[in-house]
Amino acid sequence: MKILAISDTESKALWDYFDKSRLEGIDVILSCGDLDPRYLSFLATFFSGPVLYVHGNHDGCYEETPPEGCICIENQVFEYQGVRFAGFGGSMRYRPGPHQYTQMEMTMRVLCYWHRLRRRGGIDVLVTHAPAFGLGDGTSLTHTGFKAFLTVMEHLRPGYLVHGHIHLCYDPLLPRTRKYLDTTIINAYEKYVFEIP
């Protein structure tokens with residue numbers, strides 16, 4: 001399965017200078033948040049597979065203008081062609097507003113859905129906005145990752161964790177991918193294509 005992961009900034013190649021051939025061979029589009037809902041709706045109109053998304057900390061407008069033709073996978077497992085995707089959007093709470101959580105609040109979110117995740121036999125792809133704590137996150141409260149995602153990787157062993165929130169333009173030396181136990185962690189900033197064997 002070939003996946004296009006997107007997050008945080010709209011790719012000019014996929015919007016301003018769109019060419020439908022850029023989506024050839026892609027099976028699933030994953031949005032890790034902080035994208036204009038019109039951008040996701042635009043991609044969904046030219047794409048035959050599912051466009052899955054979680055909320056970023058700047059996605060308050062999705063309540064009034066949800067991305068059309070897309071599927072929100074917050075707090076659920078979505079299975080497509082045998083691949084199980086689970087989503088937990090949002091970032092650390094650093095100011096008033098939606099889609100922000102404390103460490104304890106995110107832990108409780110994950111715990112509330114733990115049995116559902118286990119009942120489905122685990123998950124293959126964990127889709128988040130913020131990264132896991134200590135694995136590609138930042139030093140400020142705004143960009144601190146969640147410890148609950150470490151627990152998911154340690155116990156459910158997903159093949160992939162795909163996140164956004166950490167803009168690679170902040171530091172050109174930040175790696176796009178890294179490994180934690182059995183999980184490949186991918187920063188989806190702007191756009192990134194990967195394949196699940």
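These values consider heavy atoms only, across backbone and side chains, with no hydrogens, waters or symmetry-generated copies.
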*Asks:* Could you check whether Arg38 pairs with Glu68 (Lys NZ or Arg NE/NH1/NH2 to Asp/Glu carboxylate O, under 4.0 Å)?
*Replies:* no
*Asks:* Given 3.5 Å as the limit, does a donor-acceptor pair link the side chain of Gln100 with the main chain of Arg95, or not?
*Replies:* yes
*Asks:* I'd like to know if Lys2 pairs up with Asp27 as an ion pair, taking the criterion as any Lys NZ or Arg NE/NH1/NH2 lying under 4.0 Å from an Asp or Glu carboxylate oxygen.
*Replies:* no
*Asks:* Backbone N or O of Glu190 within a donor-acceptor pair of the Asp8 side chain at under 3.5 Å?
*Replies:* no
*Asks:* Please walk me through it: do Tyr53 and Cys72 pass side-chain contact (heavy atoms from CB on, under 4.5 Å)?
*Replies:* CA-CA 5 Å; Tyr53 72 92; Cys72 180; 3.5 Å; yes
*Asks:* Which label fits Phe146 and Phe149: parallel for a plane angle under 30°, tilted from 30 to 60°, or perpendicular past 60°?
*Replies:* perpendicular
*Asks:* Ignoring hydrogens and angles, tell me if any N or O in the side chain of Asp34 forms a donor-acceptor pair with the backbone of Thr9 under 3.5 Å.
*Replies:* no
*Asks:* Report, as yes or no, whether the 6.0 Å neighbourhood of atom NZ on Lys12 holds more than 12 heavy atoms from other residues, nucleotides or ligands.
*Replies:* no
*Asks:* Are the aromatic rings of His129 and His55 close, with centres under 6.0 Å apart?
*Replies:* no
*Asks:* Does anything in residues 112-128 form a salt bridge (charged side-chain N to carboxylate O under 4.0 Å, His left out)? List the pairs, not counting sequence neighbours.
*Replies:* Glu79-Arg120, Arg84-Asp124
*Asks:* In the hydrophobic cluster built from side-chain contacts under 4.5 Å, what are the other members alongside Met104?
*Replies:* Met108, Leu111
*Asks:* Not counting sequence neighbours, which residues clear side-chain contact (heavy atoms from CB on, under 4.5 Å) with Phe42? List them please.
*Replies:* Trp15, Phe18, Phe46
*Asks:* Check whether Thr183 reaches the backbone of Pro158 with its side chain - one donor and one acceptor, N or O, closer than 3.5 Å.
*Replies:* yes
*Asks:* Does any N or O in the side chain of Thr128 come within less than 3.5 Å of the main-chain N or O of Pro131, such that one atom is a donor and the other an acceptor?
*Replies:* no
*Asks:* If you count every heavy atom of other residues, nucleotides or ligands that lies below 6.0 Å from Gln81 atom CD, does the total exceed 12?
*Replies:* yes
*Asks:* Keeping the roles fixed (side chain from Glu74, backbone from Gly89), state whether a donor-acceptor pair exists under 3.5 Å.
*Replies:* yes
